[in-house]
There are 2 protein chains.
Amino acid sequence: MDIKKKKLLEAAGWRVGSTDDFLSLTDEEAAYIDLKITLSKKVRQCRERENLTQTQLAECLKSSQSRVAKIEAGDPSVSVDLLIRSLFALGVTKSELAKMLVSQ
Amino acid sequence: MDIKKKKLLEAAGWRVGSTDDFLSLTDEEAAYIDLKITLSKKVRQCRERENLTQTQLAECLKSSQSRVAKIEAGDPSVSVDLLIRSLFALGVTKSELAKMLVSQ
DNA sequence: TTGATATATGTCATATTTGACATATATTTT
DNA sequence: AAAATATATGTCAAATATGACATATATCAA
């Protein structure tokens, strides 16, 4: 059993029991989940750096506090689109985004 | 945002920089569209480098040729999620993805 | 402790994205 | 040239993501 992949899924909020789905997680699926986790952590980091509450960031995004909470929790219902739009709303540039990907 | 104007410009192969004035986009909207254009170009680049047809890539993605065409055309109906999953399916790593963002 | 504020979680109707299909148009091969 | 192959475009039902809401649980100051 691949512990790394299991931790990826669990951290992302997926229910990982003893299902066969988990075992067949491909590299690209793992990379995708890994990316989402990375980005979600960065959103929280950037928001706290700007001293914003989740509610305030939600206003910038024209979203809701509960969705921002899900963004930062790496909830499976949150798309990479929303994660990246959140970072852009926090003033992150494309090259800063690139750095975020390599610096874990 | 005006989806029709966006699509018009995309079909015409618009460049970043002129989009701001023409569509009066916010910085974050411009950054988001710029990112999508960058990624869509990279998908085509990577696919051709691998000597795959759109149909073959579609098989890897469990999608369809027509959607791959839309991915590479930067169609507004295509999410960043799908763009990035396409790149991962083409074997691109997270750090390579990061380089793509800065090298344009 | 209490109250105030911030964050987390669950649900759901609506909105957006999706693969699939038909078909048009290039592009290449013979 | 035609035939074969590749790519583009439009449409649509189904799948997925979304904001909004209720409410639970922290966190912190008075």
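These values consider heavy atoms only, across backbone and side chains, with no hydrogens, waters or symmetry-generated copies. Residue numbers begin at 1 in each chain, while the letters A, B, ... track the order of the sequences. The model shown is predicted, which means the values in this text are computed figures rather than measured ones.
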For [X] and [N], give me the distance from atom [atom1] to atom [atom2], rounded to whole Å.
{"X": "B/L52", "N": "D/dT5", "atom1": "CG", "atom2": "C1'", "result": "15 Å"}
{"X": "A/N51", "N": "C/dT5", "atom1": "CG", "atom2": "P", "result": "17 Å"}
{"X": "A/E72", "N": "C/dA6", "atom1": "CD", "atom2": "C1'", "result": "11 Å"}
{"X": "B/K70", "N": "D/dT7", "atom1": "NZ", "atom2": "P", "result": "15 Å"}
{"X": "B/D81", "N": "D/dA17", "atom1": "CG", "atom2": "P", "result": "7 Å"}
{"X": "B/Q54", "N": "D/dA8", "atom1": "CD", "atom2": "C1'", "result": "8 Å"}
{"X": "B/L82", "N": "D/dA17", "atom1": "CG", "atom2": "P", "result": "12 Å"}
{"X": "B/Q65", "N": "D/dA8", "atom1": "CD", "atom2": "C1'", "result": "7 Å"}

### Query
Should B/I71 and B/L57 count as side-chain neighbours, where that means a heavy-atom distance under 4.5 Å?
no

#### Entry: Any side-chain heavy-atom pair of A/Y32 and B/D81 under 4.5 Å
yes

Nearest of [options] to any side-chain atom of [X]?
{"X": "A/R44", "options": "D/dA20, C/dA8, D/dT9", "answer": "C/dA8"}
{"X": "B/A69", "options": "C/dT17, D/dT9, C/dT9", "answer": "D/dT9"}
{"X": "B/S79", "options": "C/dG19, C/dT17, C/dG10", "answer": "C/dT17"}

### Query
Does the base of D/dC21 carry an N or O that pairs as donor and acceptor with the side chain of A/S64 under 3.5 Å?
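No such pair is found, so the answer is no.
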
### Task
Indicate the atoms forming the closest heavy-atom contact of A/E96 with A/V92, along with that distance.
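Result for this residue pair: OE1-CA, 3.3 Å.
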
### Query
Nearest heavy-atom pair of A/R85 and A/L61: which atoms, and what distance?
O-CD2, 3.9 Å

### Task
Mind checking B/V68 for me? I need base, sugar-phosphate or nothing, with any heavy atom below 4.0 Å counting as a touch.
nothing

